[in-house]
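Below: the structure, in structure tokens.
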Protein chains: 10
Amino acid sequence: MEFLVRSENRLPVDTPAERREELRSAERARAMELRAAGVLKRLWRVPGRTATIGLYEADDPAALHDALMSLPMAPWLDVQVEALATHPQERA
Amino acid sequence: MEFLVRSENRLPVDTPAERREELRSAERARAMELRAAGVLKRLWRVPGRTATIGLYEADDPAALHDALMSLPMAPWLDVQVEALATHPQERA
Amino acid sequence: MEFLVRSENRLPVDTPAERREELRSAERARAMELRAAGVLKRLWRVPGRTATIGLYEADDPAALHDALMSLPMAPWLDVQVEALATHPQERA
Amino acid sequence: MEFLVRSENRLPVDTPAERREELRSAERARAMELRAAGVLKRLWRVPGRTATIGLYEADDPAALHDALMSLPMAPWLDVQVEALATHPQERA
Amino acid sequence: MEFLVRSENRLPVDTPAERREELRSAERARAMELRAAGVLKRLWRVPGRTATIGLYEADDPAALHDALMSLPMAPWLDVQVEALATHPQERA
Amino acid sequence: MEFLVRSENRLPVDTPAERREELRSAERARAMELRAAGVLKRLWRVPGRTATIGLYEADDPAALHDALMSLPMAPWLDVQVEALATHPQERA
Amino acid sequence: MEFLVRSENRLPVDTPAERREELRSAERARAMELRAAGVLKRLWRVPGRTATIGLYEADDPAALHDALMSLPMAPWLDVQVEALATHPQERA
Amino acid sequence: MEFLVRSENRLPVDTPAERREELRSAERARAMELRAAGVLKRLWRVPGRTATIGLYEADDPAALHDALMSLPMAPWLDVQVEALATHPQERA
Amino acid sequence: MEFLVRSENRLPVDTPAERREELRSAERARAMELRAAGVLKRLWRVPGRTATIGLYEADDPAALHDALMSLPMAPWLDVQVEALATHPQERA
Amino acid sequence: MEFLVRSENRLPVDTPAERREELRSAERARAMELRAAGVLKRLWRVPGRTATIGLYEADDPAALHDALMSLPMAPWLDVQVEALATHPQERA
């Protein structure tokens with residue numbers, strides 16, 4: 001099943017640049033693994049914010065939760081999940 | 001998977017008593033079928049309102065949608081669905 | 001550019017079944033044209049509601065507006081549009 | 001009587017891992033006691049968040065308050081309680 | 001247990017004066033019965049609105065629900081209930 | 001005149017236990033004085049929160065303000081006041 | 001004591017012009033009486049809306065309620081009242 | 001001074017096409033007059049909605065109010081006005 | 001033109017008493033100057049909060065902005081401004 | 001395409017004056033470059049706040065995002081972007 005995931009990054013502004021870069025590249029690496037696994041299907045930026053909107057696929061909300069918590073940035077992310085129902089137009 | 005379903009009944013106040021009763025008993029009958037099928041697991045009233053909170057189980061959001069739309073009151077219900085993730089405390 | 005489009009259908013409950021069906025099939029037909037044109041890329045149902053979330057692509061907000069207003073249900077839709085920025089992960 | 005309890009965990013991100021683990025296991029132990037006592041009946045995770053939704057049973061709101069405040073994480077929890085009325089469908 | 005009950009009266013403005021008066025005096029009579037029964041303990045007006053805030057006492061939320069639904073104005077009332085916990089200062 | 005006063009206690013979680021206890025007992029003592037003076041008439045806890053709902057009586061909003069600011073916890077309280085109008089049912 | 005009163009006029013758009021004019025001039029006449037009585041001290045329009053913000057003075061919220069309900073437009077007004085405390089700067 | 005004006009058009013869906021067209025062209029004509037007078041400086045559509053965002057210039061809020069109320073659609077517009085302060089970057 | 005100005009004081013609770021007193025008396029002095037200049041016309045306290053509601057007069061929003069920013073407390077104030085339109089009842 | 005950009009500046013109050021001034025003048029310089037490039041078209045202050053409303057033009061939301069993130073103050077700005085559709089009145 002698919003989920004729409006809105007995520008605001010609350011990493012403090014005064015996080016040292018090195019730490020920030022380390023987190024960002026670990027985040028990118030883990031995101032790429034989730035893409036390869038078919039869990040992360042699309043990702044957009046909310047313009048003007050350190051926030052993203054993602055389209056995820058997972059077996060159930062618990063599996064999605066585990067995937068989101070596996071992101072290195074997870075402790076700083078404020079996440080809102082919305083479960084999506086397949087539309088009949090797309091069932092065929 | 002389980003869902004928390006909040007439902008406000010917007011049936012107009014001036015609906016004739018007979019029509020209202022007919023809808024209510026059809027609603028009750030369909031709810032009982034959903035209970036028997038294991039889809040509707042618990043149902044509470046929000047005190048003071050013609051509103052309910054229900055605990056549902058369905059294969060996915062589309063199946064939940066179909067179950068909710070099968071309720072005779074569906075056209076008048078304002079429904080908010082929240083997908084629940086199994087808590088590790090309950091997985092064992 | 002891509003847009004996330006949330007749409008609540010406010011068609012009155014007492015719309016005659018025939019009129020409702022006519023609108024629904026005209027809506028489906030127009031949606032299929034928008035898919036064929038690459039404007040409507042994905043469509044989901046918000047479970048429990050007569051509401052959808054869609055992923056659209058259009059040249060600019062004015063073109064998106066025209067596409068959305070070409071839907072036969074448009075007069076009854078309460079629409080919220082969010083412009084999405086391509087994420088660097090997907091630029092490559 | 002039953003209550004729906006929504007709880008956001010605001011434990012600061014920079015809490016030392018050891019302290020965090022200590023709190024988590026104390027929390028789990030106390031939750032298990034509340035389950036054994038019939039106070040905590042169900043617990044779910046809100047996917048993507050360090051938040052839970054719980055179904056509690058207590059004699060009255062004061063007893064529920066005492067139970068919630070007995071959780072080791074209580075000082076960091078932002079809790080919203082909703083009193084539930086038994087639905088006639090379940091009275092029988 | 002005690003409840004704080006906020007109630008907005010949505011009786012349509014164009015309700016005939018006679019019907020309105022009939023409802024008002026039936027409402028007052030039923031409220032007086034609830035006072036006599038110890039269910040309605042205090043009642044205030046929200047200044048400038050056809051709205052009230054009431055302090056109620058009932059065995060549980062279901063009993064409160066039944067009391068509120070016994071009011072002749074109930075079909076037009078938009079009610080919000082908040083369960084109150086006895087404060088230790090008042091337990092003695 | 002009477003006021004409904006909702007108060008969230010924002011005292012930081014890391015306040016030393018001794019300081020917290022000192023504030024709590026000073027708060028209790030001052031609350032008791034306000035009760036004796038007929039200013040604080042009822043006090044409830046919002047279940048699950050370090051928050052209260054109180055029924056106060058004061059000559060006017062400025063007198064209420066002074067009473068609330070005389071509480072030792074005042075600097076940490078987030079307070080919302082609602083002025084209540086006597087209901088005709090209670091005027092007699 | 002003084003109150004800030006925000007008032008949205010919900011008189012239906014299709015009210016006959018004559019009825020509307022009648023209400024408006026009755027409203028103006030009653031407002032002038034309230035000014036003469038020192039109850040209505042200032043009145044502003046919220047630009048772009050059929051809404052006003054008023055500064056009122058009344059003995060207590062019940063007296064304010066009666067004054068507001070004496071306005072011929074009262075049945076169509078959506079009113080929010082805020083009790084104001086005299087500021088020490090103005091007490092002298 | 002300049003104002004940002006957000007305007008939702010609530011003209012009922014069942015307004016006869018002829019009446020709607022008449023209103024629309026009268027609206028356009030009046031808008032053009034306001035442009036010519038330097039009152040309406042820019043106008044955008046909110047994509048997906050019958051809503052606009054406009055940049056207006058007027059001597060004061062009362063003059064803006066009169067300009068907005070002179071629009072033939074005014075009785076159906078839900079308008080929110082925000083007063084803008086000239087930014088020092090643009091004062092030079 | 002007149003403005004309604006709502007202002008929440010976010011000065012941290014742990015500001016040293018001396019610094020706080022210094023700021024308060026500088027604030028009072030500047031407020032008195034603004035009164036003398038006819039900019040600050042009325043000031044109220046929001047009961048229970050370190051917040052005020054003020055009635056200001058200024059040539060335009062930029063002049064109001066400069067007046068508000070001249071207050072010594074400005075860096076800690078969370079301010080909401082609402083432009084008021086003169087009501088025809090008061091134009092005469 | 002054009003965007004309306006609302007931006008709240010959350011730079012901490014205790015930022016040293018020198019650092020603050022440095023950031024402000026770098027911000028001003030970068031804003032001037034964006035003006036010269038035709039990206040920043042208008043800028044207003046929200047009266048009473050360290051907030052701005054800007055009218056921007058960019059090829060798409062990703063280009064706008066890059067422009068906004070190039071501002072030296074970006075890490076402290078809380079930004080809301082709204083995509084604007086050209087109004088037919090202005091297409092000619």
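Sequence lines set the chain letters: A, B, ... in the order given, protein chains first and strands last, and positions in each chain run from 1.
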### Summary
Applying a strict 4.5 Å limit to non-hydrogen atoms, the region of B:I53 in contact with chain D is side chain
### Query
If you count heavy-atom pairs under 4.5 Å with chain B, which of D:G48, D:A85, D:A31 comes out on top?
D:A85
### Message
Does atom CG (D:D59) have a neighbourhood of more than 12 heavy atoms from anything else shown, all under 6.0 Å?
### Response
no
### Query
Nearest heavy-atom pair of D:P47 and B:A83: which atoms, and what distance?
CD-O, 3.3 Å
### Pair B:R45 + D:E90, salt bridge at N-O below 4.0 Å
no
### Message
With a 4.5 angstrom heavy-atom cut-off, is it the side chain or the backbone of B:R35 that approaches chain D, or both, or neither?
### Response
side chain
#### Entry: D:L4/B:L4 under side-chain contact (heavy atoms from CB on, under 4.5 Å): CA gap, chis, key distance, verdict
CA-CA 10 Å; D:L4 197 66; B:L4 197 65; 3.7 Å; yes
## Note on the structure
Closest heavy-atom pair, D:H87 versus B:L43, reported as atoms and distance to 0.1 Å, is CB-O, 3.2 Å
### Task
State the CH2-CD distance between B:W44 and D:E82, to the nearest 0.5 angstrom.
10.5 Å
### Task
For the pair D:R42 and B:R42, evaluate side-chain contact (heavy atoms from CB on, under 4.5 Å) and give the outcome as yes or no after the intermediate values.
CA-CA 12 Å; D:R42 293 293 313 274; B:R42 291 295 311 276; over 6 Å; no
